[in-house]
Number of protein chains: 4
Amino acid sequence: MTERTRPLGRPRSEDARLAVLRAVDDMLVEEGYAAMTMKGIAERAGVGRQTVYRWWSSKAEILLEASAADAARELTVRSGADAESEVTAFLVALTTFLTRSDAGLAYRALLGEAQHDRKVAELLSGTDVLGDAARAVIGSARAHGALAAEPDTDALVAELVGPLVYRILAEGRTAERTELQRMAARFLAR
Amino acid sequence: MTERTRPLGRPRSEDARLAVLRAVDDMLVEEGYAAMTMKGIAERAGVGRQTVYRWWSSKAEILLEASAADAARELTVRSGADAESEVTAFLVALTTFLTRSDAGLAYRALLGEAQHDRKVAELLSGTDVLGDAARAVIGSARAHGALAAEPDTDALVAELVGPLVYRILAEGRTAERTELQRMAARFLAR
Amino acid sequence: MTERTRPLGRPRSEDARLAVLRAVDDMLVEEGYAAMTMKGIAERAGVGRQTVYRWWSSKAEILLEASAADAARELTVRSGADAESEVTAFLVALTTFLTRSDAGLAYRALLGEAQHDRKVAELLSGTDVLGDAARAVIGSARAHGALAAEPDTDALVAELVGPLVYRILAEGRTAERTELQRMAARFLAR
Amino acid sequence: MTERTRPLGRPRSEDARLAVLRAVDDMLVEEGYAAMTMKGIAERAGVGRQTVYRWWSSKAEILLEASAADAARELTVRSGADAESEVTAFLVALTTFLTRSDAGLAYRALLGEAQHDRKVAELLSGTDVLGDAARAVIGSARAHGALAAEPDTDALVAELVGPLVYRILAEGRTAERTELQRMAARFLAR
DNA sequence: GATTAATCGAGACGGTACGTCGCGTCTTAGT
DNA sequence: ACTAAGACGCGACGTACCGTCTCGATTAATC
């Protein structure tokens with residue numbers, strides 16, 4: 001009988017876990033990533049600091065857990081009539097995500113932190129929300145008969161997502177719907 | 001007599017300024033952006049802390065001044081025989097810059113910080129090293145007769161630079177020369 | 001049948017009790033009173049923390065229980081030929097107790113804690129190891145015909161014990177045997 | 001020219017020093033030694049924590065500095081008509097000091113802490129308020145022609161001070177004036 | 001034999017002080 | 001007016017211990 005026995009001692013409090021995730025979510029929007037501190041999170045969540053440190057090693061880790069599911073959901077696009085409308089819908093969703101969504105704010109903060117913190121970079125390398133969403137759209141486009149010429153999906157992901165991400169994250173600009181439509185058309189025209 | 005008279009008192013010490021810039025350069029490589037502190041910079045430079053605060057308001061500002069010139073130089077590409085070789089050379093330079101250069105490390109740190117720090121974002125919006133370099137290459141390509149179909153230079157910049165930047169910064173990968181060549185070819189094939 | 005019935009439920013574990021007392025004894029010597037913590041005691045004794053808190057309310061209480069018997073034993077003096085040799089023997093025992101014995105170390109720690117902790121002061125007021133031992137010696141001296149002039153035993157206790165205790169606890173000095181002999185002689189010369 | 005030059009940098013703030021000493025004085029009386037924390041002291045004094053740690057290494061050290069002068073003053077006895085009245089006055093002062101004075105409260109806390117903290121013990125060994133005061137009284141008694149028989153001043157100090165200190169600190173009792181008079185008489189009767 | 005009740009070890013819980021570090025400001029003397 | 005030095009008030013860091021709480025498991029007495 002390999003019955004998995006419950007670990008000894010008082011079990012982890014689900015209440016505390018949710019309170020922390022919720023606090024991080026709220027604080028990111030209200031105060032921003034830089035102003036968020038482990039101490040502040042614990043106090044806001046009504047939780048001991050040790051409890052936070054026991055289960056997460058950094059605010060980045062909490063933020064990732066708090067926003068990953070939302071991010072994936074917000075980047076999922078309903079299947080459409082044709083490849084171009086689907087790709088356009090994805091680019092619209094991506095723009096909204098990066099410029100208006102709370103989860104997108106978290107993603108930007110984490111991606112930013114990853115540029116000068118090895119730990120965060122490794123943490124992020126475990127998940128690839130943008131890439132996963134992009135791959136889904138590319139797969140759907142292929143099912144519609146598009147993109148037959150290019151077999152390298154990774155390259156396609158970068159070409160689909162890269163220009164828009166660069167525009168928003170590095171140039172600080174955004175994009176109109178018509179621009180996104182043109183971008184989608186160009187992407188499929190290969 | 002509108003000659004602007006020199007301000008009173010002891011003039012700013014060029015020695016101190018250079019010592020600070022040098023210290024920031026070295027510390028970024030040796031210790032990383034996060035471990036770099038204003039206090040540490042001052043001590044390393046053998047300079048009073050007030051002197052640092054008097055001339056720069058944050059480590060991001062110092063870092064920008066310390067690395068901007070290097071960045072521009074490293075991203076400048078010699079004119080080549082044809083558009084494709086020039087674009088390829090630029091992508092190679094960009095890859096080296098982002099993955100191996102000290103100035104590139106500074107750029108990544110600053111771009112990262114800009115994602116969760118409004119001040120840094122504004123600071124960076126004043127300069128656009130990647131964009132400027134890309135525009136130069138695009139102009140040269142046009143002089144070679146390429147890219148006639150697309151008049152929107154900003155869109156071209158994002159399409160040239162975005163995929164590679166995304167690949168390196170968000171996916172943490174790099175790119176081989178052959179891959180960069182294909183990327184250049186695809187970019188010009190419109 | 002007024003036989004007091006055993007309380008319901010699992011009875012107190014004698015093993016646990018002894019393990020805690022033993023742990024406190026050892027830790028006092030090895031790490032000192034200040035470094036001793038309730039958490040540490042429980043771990044050292046291999047006992048749950050709740051078990052410790054269930055039976056004792058502070059480390060002072062445990063320490064008192066762990067050392068009281070030893071202290072009384074160490075301060076008991078064999079009856080001797082005359083009053084002076086008995087008193088001297090007591091002063092020697094007291095010196096050894098305060099400067100070398102583990103139980104004496106516990107006594108000093110408790111007496112010290114009592115100076116700034118009301119609870120510990122009350123705890124200690126219940127027992128008077130030094131006083132009891134001194135009273136026994138004084139009684140014996142009286143039986144030998146000494147100290148007839150002074151009927152106030154409490155005053156005698158303080159005069160017998162006080163100077164030596166002060167010397168050791170407040171001045172941090174100790175006392176040679178010849179000094180103790182002189183002290184005993186002076187004490188009896190009244 | 002051995003002109004002693006002032007140390008570099010901003011000089012120590014006398015305001016901060018006094019605020020800390022004052023805070024410790026007040027807190028000892030209001031909250032007690034055990035409840036006093038370095039954090040609390042800093043906050044009460046309106047001073048940064050680092051500033052406290054910069055100049056004192058423990059609350060015991062601050063307390064000593066804050067109370068030493070008061071203690072010495074309170075234990076100083078005006079010269080009287082004869083030795084007995086002087087010694088009695090000293091014992092009264094000592095009783096008041098140990099049972100009612102703020103400085104005495106500090107002395108008891110420090111002496112207590114010294115029993116289980118080596119650092120505090122060493123700290124206290126540098127000063128000997130009780131001993132110094134006792135020595136002064138004994139000197140004065142000798143000037144009055146008393147105590148000629150006993151040349152060992154240290155022993156006299158212990159015999160003068162020890163019984164009363166023991167009575168108050170270890171037995172938690174106090175002493176009436178008549179009792180102190182008898183004690184003084186006995187002390188001088190040798 | 002099953003139930004009940006109090007114990008046991010283990011360990012997570014909300015708190016809070018620890019001593020350190022960096023922040024950005026200030027106050028010196030010296031250039 | 002500038003410089004280096006360094007103390008200032010402030011507050012977050014990650015750790016340790018506080019005393020309490022919730023687990024499953026154990027151990028007697030009672031039903």
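Because the structure is a prediction, the values reported are computed rather than measured. Below, chain A is the first sequence line, B the second, and so on; all start at residue 1.
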Self-check item: Side-chain N or O of Thr51(A) closer than 4.0 Å to phosphate OP1/OP2 of dA12(E)
Solution: no
Quiz item: Think Arg12(C) has a side-chain N or O under 4.0 angstrom from the OP1 or OP2 of dT7(E)?
Solution: no
Quiz item: For Val47(B), does its backbone N or O pair with a side-chain atom of Thr51(B) as donor and acceptor, under 3.5 Å?
Solution: no
Quiz item: For DNA chain F, whose closest nucleotide is more 5', that of Ser13(D) or that of Ala16(B)?
Solution: Ala16(B)
Quiz item: What residues in residues 53-60 of chain C put a non-hydrogen atom under 4.0 Å from any atom of DNA chain E?
Solution: Arg54(C), Trp55(C)
Atom-to-atom span, [atom1] of [X] to [atom2] of [N] - whole angstrom:
X: Asp15(C); N: dG9(E); atom1: CG; atom2: C1'; result: 13 Å
X: Ile62(A); N: dG14(F); atom1: CD1; atom2: C1'; result: 13 Å
X: Leu8(D); N: dA5(F); atom1: CG; atom2: C1'; result: 5 Å

Minimum heavy-atom distance between [X] and [Y], given as atom pair plus value:
X: Glu65(D); Y: Trp56(D); result: OE1-NE1, 2.8 Å
X: Lys59(A); Y: Met38(A); result: N-SD, 3.7 Å
X: Ala71(C); Y: Ala103(C); result: N-CB, 3.8 Å
X: Glu122(D); Y: Ser125(D); result: O-OG, 2.7 Å
X: Ser13(C); Y: Ala16(C); result: OG-N, 3.0 Å

Practice problem: Using only heavy-atom distances, decide whether a donor-acceptor pair under 3.5 angstrom links the side-chain of Gln50(B) to the base of dA4(F). | Solution: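 Looking at the base of dA4(F), it does not pair with any donor or acceptor on the side chain of Gln50(B) (distance under 3.5 Å).
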Quiz item: Could one point to a donor on the side chain of Arg10(A) or the base of dC21(F) with an acceptor on the other under 3.5 Å away?
Solution: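 A donor-acceptor contact between them is present.
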Quiz item: So how far is it from Arg12(D) CZ to Arg54(D) CZ, rounded to the nearest 0.5 Å?
Solution: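 If I round to the nearest 0.5 Å, the distance is 9.5 Å.
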Quiz item: Which ones in residues 31-49 of chain B lie close to DNA chain F, meaning a heavy atom under 4.0 Å from one of its atoms?
Solution: Gly46(B), Val47(B), Gly48(B), Arg49(B)
Practice problem: Residues of residues 110-123 of chain B with any non-hydrogen atom less than 4.0 angstrom from an atom of DNA chain F: list those, numerically ordered, please. | Solution: none
For a quick test of your reading: what N or O donor-acceptor pairs under 3.5 Å do the side chains of residues 104-119 of chain C make, sequence neighbours left out?
from: Arg108(C); atom 1: NE; to: Gln115(D); atom 2: OE1; distance (Å): 3.0
from: Arg108(C); atom 1: NH1; to: Leu98(C); atom 2: O; distance (Å): 3.2
from: Arg108(C); atom 1: NH2; to: Gln115(D); atom 2: OE1; distance (Å): 3.2
from: Glu113(C); atom 1: OE1; to: His116(D); atom 2: NE2; distance (Å): 3.4
from: Gln115(C); atom 1: OE1; to: Arg108(D); atom 2: NE; distance (Å): 3.0
from: Gln115(C); atom 1: OE1; to: Arg108(D); atom 2: NH2; distance (Å): 3.1
from: Gln115(C); atom 1: NE2; to: Leu111(C); atom 2: O; distance (Å): 3.2
from: Gln115(C); atom 1: NE2; to: Leu169(D); atom 2: O; distance (Å): 3.1
from: His116(C); atom 1: NE2; to: Glu113(D); atom 2: OE1; distance (Å): 3.4
from: Asp117(C); atom 1: OD1; to: Lys119(C); atom 2: N; distance (Å): 3.0

Taking distance alone, no hydrogens or angles, what donor-acceptor pairs closer than 3.5 Å link side-chain atoms of residues 22-35 of chain B to residues at least two apart or in another chain?
from: Glu30(B); atom 1: OE1; to: Arg44(B); atom 2: NH1; distance (Å): 3.1
from: Glu30(B); atom 1: OE1; to: Arg44(B); atom 2: NH2; distance (Å): 3.4
from: Glu30(B); atom 1: OE2; to: Arg44(B); atom 2: NH2; distance (Å): 3.0

Quiz item: Given side chains that start at C-beta, do those of Ile62(B) and Trp55(B) come closer than 4.5 Å, heavy atoms only?
Solution: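 They are not in contact (no side-chain heavy atoms under 4.5 Å apart), so the answer is no.
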Exercise. Quick one: list whatever passes side-chain contact (heavy atoms from CB on, under 4.5 Å) with Lys39(C), sequence neighbours left out.
Key: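 Residues passing side-chain contact (heavy atoms from CB on, under 4.5 Å) with Lys39(C): Thr37(C), Glu43(C), Arg49(C).
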